[in-house]
Amino acid sequence: NQWKELIESKGGVFTDSLTQKVNYLVVCNKGNPNWAHMSYGRKFEQAKKIQSTGNRIKLLTEDFFITQL
């Protein structure tokens with residue numbers, strides 16, 4: 001809820017789903033045992049696939065996102 005509130009307070013729209021309409025994906029800095037294939041996870045893989053179709057979705061680390069607000 002904190003991420004959602006922070007994003008919305010800056011005029012953004014928070015969503016749990018990743019679609020062609022998403023502009024940014026914030027990737028957690030810490031590892032997660034649920035991540036697929038020991039990578040950043042399925043959403044990261046999906047974002048890379050979306051990028052390969054020409055979409056300009058930006059991948060941000062959690063630290064970068066926080067420091068750039």
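A quick note: this is a predicted structure, and the numbers were derived from the prediction, not measured. In what follows, every heavy atom counts, from backbone to side chain, and hydrogens, waters and symmetry copies are set aside.
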Atom of I57, atom of A47 and distance for their closest heavy-atom approach: CG2-O, 3.7 Å
Between Q51 and K48: side-chain donor-acceptor atoms closer than 3.5 Å: yes
So do I66 and E62 actually touch side chain to side chain, heavy atoms under 4.5 Å? yes
Applying side-chain hydrogen bond (donor to acceptor under 3.5 Å, both in side chains), name anything that partners K58, two or more places apart in sequence or on another chain. none
Could you state the interatomic distance from CD (Q46) to CD1 (I50), rounded to the nearest 0.5 Å? 5.0 Å
Name each donor-acceptor pair under 3.5 Å that joins a side chain in residues 16-28 to protein atoms two or more places apart or in another chain, with its distance.
residue : atom : partner : partner atom : Å
S17     : OG   : T15     : OG1          : 3.1
T19     : OG1  : K21     : N            : 3.2
Q20     : OE1  : N55     : ND2          : 3.2

When rounded to the nearest 0.5 Å, the distance separating CZ of F64 from CG of L59 is 11.5 Å
